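Nothing here was measured: the structure is a model prediction, and the numbers come from that model. Below, read A as the first sequence line, B as the second, and so on, with proteins coming before strands; counting in each chain starts at 1.
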Amino acid sequence: MAHTCLHWFRKGLRLHDNPALMAALRDCEELYPVFILDPHLHNKTCVGLNRWRFLIGALTDLDCSLRKLNSRLFVVRGKPDEVFPKLFNKWKITKLTYEYDTEPYSLSRDTEVTALAKEHGVEVIYKISHTLYDINRIIEENNGAAPLTYKRLQAIANSLGPPKRPIPPPTLEDMEGVKTPRLEKHEKKYGIPSLEELGHDTTALTEELFPGGEQEALRRLDEHMKRTGWVCSFEKPQTSPNSLSPSTTVLSPYVTFGCLSARTFWWRLTDVYQGKKHSHPPVSLHGQLLWREFFYTASVGIPNFNKMEGNPACTQVDWDTNAEYLAAWREVFEDLLLDGDWALNAGNWQWLSASTFFHQFFRVYSPVAFGKKTDKNGAYIKKYLPLLKKFPAEYIYEPWKAPRSIQQAAGCIVGKDYPHPIVQHEVVSKKNIQRMKLAYARRSSDPTESPSKKQGVKRKAPSVVDMLMKKKRKI
DNA sequence: CTCACTGTTGTAATC
DNA sequence: AGATTACAACAGTGA
């Protein structure tokens, strides 16, 4: 049977380790590789300027790789539920393929599109390749609940064995008999958008240090994997969040958009580790990929994962609500993040705030002390806040404490050239610790507040992990 | 049930 | 300089 296939790129912006794309090529006569500019996902508030540039880079690279296979990318503007019926009819699609995505919006969107496909007699095939494992399988193995400790996730991962091996990208041979129709006005109708078309002011753009795209991702992966000593001794807590050159791989944005397959990354690391002494999870690079898996699993297994309210795993803290402070804090992150990932962002904020997973709420970071540990002289601050460049190291983390004469000598008066702190950390952190203490007291006295008692459905049969644990006990 | 132990990155003071 | 300790004291796990 000869198919007319539409492969829907969303995340997974790559050709390597793309089983859904390979499924599209099977018995395929005509192939339409499509990316949809979904106003729900792709608007100014969700995606900042830097991420837009990255995404456009990734799409451009994808189009370039597809052209080498005598195909090309169609960027379609519109809402998926409105776009698909039109495309199904216009192109006489018989098969739709895509990579499975676990985000709540994606799940509801895909359910809707699958229903539309059925109405149009279109076969739907999806494959799991964004994560190392089938996230739902991990939850199943944990008796229907997301693991709340890394150890537990590790035990499940160990019981499932290493992730699947990545599959190679399609070759010209795979493309034999597959045609992508050449349409007139392709550029105008289905071309890759520019930042200007998307309504962005590009004058604010700085040098592009991390261009998007699969080729760039694989090149960077190759480069890092050559540093075998560094890879084998990598320990995340030893990296520096404020060094001027990155002390990590910076592959996360590539993994987020799927320019790089997590499984490809995993197996390349396995190759480097082979026969050598190396670091281990949770701190190793393998460990970092398992953290991603951990938070993805939590995001699927825990309802309302990106919120406190209605999130049964999250400690319900009576936080202060000060719109002005929140806006000041939020401004730092929202727009500039390159590797923003829904599950990882929500999970890490819960961890860091001692709301979920991590519970030692009295261990509070100091915005003054934390930076000093890895950057005593404040070189990072001086680069990104040149206004403070002339402050001596003694005051660089607390310029408001510098005597007037030093502020004058530095050419920067706090309160005039540079804002005063919005809060007194010593005061506010103590206040918040008390809030946390109260919330935890409520949590432990109320049995319905305990996440372990709320989550999951007990299975009748013991899971593989339970059996492995039993075996271990005997030994 | 209790108890000891562990948990990828706390801070500040002290020796 | 690098280790140790007080601070105030959490949840989850497993014996």
Side-chain angles (χ1 to χ4, degrees), chain A residues 142-143 145-158 233-243 246-249 252 278-295 297-298 301-302 311-317 344 347-376 380 397-398 401 424-456 463 465-466 468-475:
Chain A
N142 198 45
N143 302 324
L148 292 173
T149 64
Y150 188 86
K151 272 250 151 70
R152 186 77 187 162
L153 179 108
Q154 243 187 307
I156 294 164
N158 286 338
S233 62
F234 183 93
E235 293 191 358
K236 184 66 198 302
Q238 303 305 316
T239 61
S240 164
N242 55 1
S243 65
S247 61
T248 57
T249 64
S252 58
H278 61 87
S279 55
H280 291 275
V283 295
S284 64
L285 282 168
H286 261 177
Q288 302 317 299
L289 287 170
L290 286 173
W291 277 111
R292 177 173 181 269
E293 216 69 5
F294 176 75
F295 287 125
T297 309
I302 299 169
N311 176 340
C314 187
T315 304
Q316 303 295 306
V317 183
L344 306 193
N348 277 302
W349 278 119
Q350 283 172 82
W351 183 291
L352 208 59
S353 62
S355 304
T356 314
F357 315 116
F358 176 79
H359 309 282
Q360 289 156 288
F361 57 81
F362 37 87
R363 290 190 182 172
V364 180
Y365 289 92
S366 156
V368 173
F370 186 71
K372 278 186 189 171
K373 278 197 296 195
T374 43
D375 182 10
K376 207 167 179 299
Y380 186 88
Y397 285 94
E398 305 168 276
K401 283 192 179 169
Q424 266 184 285
H425 175 74
E426 318 80 74
V427 175
V428 169
S429 68
K430 283 202 178 80
K431 196 166 138 193
N432 280 327
I433 286 175
Q434 290 314 305
R435 283 196 168 106
M436 298 288 289
K437 192 177 164 180
L438 239 141
Y440 270 99
R442 274 198 298 270
R443 189 182 196 253
S444 54
S445 66
D446 181 358
T448 61
E449 287 277 324
S450 174
S452 58
K453 278 159 202 152
K454 273 182 129 179
Q455 259 196 60
S463 70
V465 178
D466 291 330
L468 272 171
M469 295 275 193
K470 233 178 226 171
K471 228 184 246 176
K472 246 187 201 165
R473 277 199 285 277
K474 275 177 199 163
I475 302 161

Practice problem: Report the relative orientation of the aromatic rings in A/Trp291 and A/Trp351; use parallel for angles under 30°, tilted for 30 to 60°, perpendicular for over 60°. | Solution: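 Rings of A/Trp291 and A/Trp351: perpendicular, over 60°.
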Exercise. Pick base, sugar-phosphate or nothing for A/Val283, based on heavy-atom distances below 4.0 Å to the nucleic acid.
Key: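 If one applies the 4.0 Å heavy-atom cut-off, A/Val283 turns out to touch a base.
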Quiz item: When we call it a touch if two heavy atoms are under 4.0 Å apart, what does A/Glu235 touch: a base, just sugar-phosphate, or nothing?
Solution: nothing
Quiz item: Do we see a donor-acceptor contact under 3.5 Å between the side chains of A/Asn311 and A/Gln316?
Solution: no
Quiz prompt | For chain A, the stretch of DNA chain B it reaches, first to last nucleotide, under 4.0 Å of its heavy atoms | solution =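 The contacted stretch runs from B/dG7 to B/dA12.
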Quiz prompt | Upstream residue (5' side of DNA chain C) when A/Ala441 and A/Ile433 are each assigned their closest nucleotide | solution = A/Ile433
Practice problem: For C/dA9, take OP1 and OP2 only and decide whether either is under 4.0 Å from a side-chain N or O of A/Lys437. | Solution: yes
Distance check needed: [N] [atom2] versus [X] [atom1], whole Å only.
X	N	atom1	atom2	answer
A/Arg363	C/dA6	CZ	C1'	13 Å
A/Lys430	C/dA8	NZ	P	9 Å
A/Arg443	C/dA11	CZ	C1'	7 Å
A/Phe357	C/dG12	CZ	P	11 Å
A/Phe361	C/dA8	CZ	C1'	8 Å
A/Lys373	C/dA3	NZ	P	14 Å
A/Phe358	C/dG12	CZ	P	14 Å
A/Gln360	C/dA11	CD	C1'	9 Å

Quiz prompt | DNA chain C: stems of at least 3 consecutive Watson-Crick or G-U pairs whose donor-acceptor distances fall under 3.5 Å | solution = B:2-7 with C:10-15, B:10-15 with C:2-7
When the [atom1] atoms of [M] and [N] are compared, how many Å lie between them, rounded to an integer?
N	M	atom1	value
B/dC1	C/dG14	C1'	14 Å
C/dT4	B/dT6	P	16 Å
C/dT5	C/dA9	C1'	15 Å
C/dA8	B/dT14	P	16 Å

Do [X] and [Y] have side-chain heavy atoms sitting under 4.5 Å apart?
X	Y	result
A/His425	A/Val364	yes
A/Arg292	A/Gln288	no
A/Lys430	A/Ile433	no

Please report the shortest heavy-atom distance between [X] and [Y], naming the atom on each side.
X	Y	result
A/Asp375	A/Tyr380	OD2-N, 2.8 Å
A/Ala146	A/Gly301	CB-CA, 4.0 Å
A/Tyr150	A/Pro281	OH-CB, 3.5 Å
A/Leu290	A/Ala157	CD2-CB, 4.2 Å

Quiz item: Rounded to the nearest 0.5 Å, what separation is found between the OG atom of A/Ser247 and the CD atom of A/Gln238?
Solution: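 So the gap between those two atoms works out to 10.5 Å.
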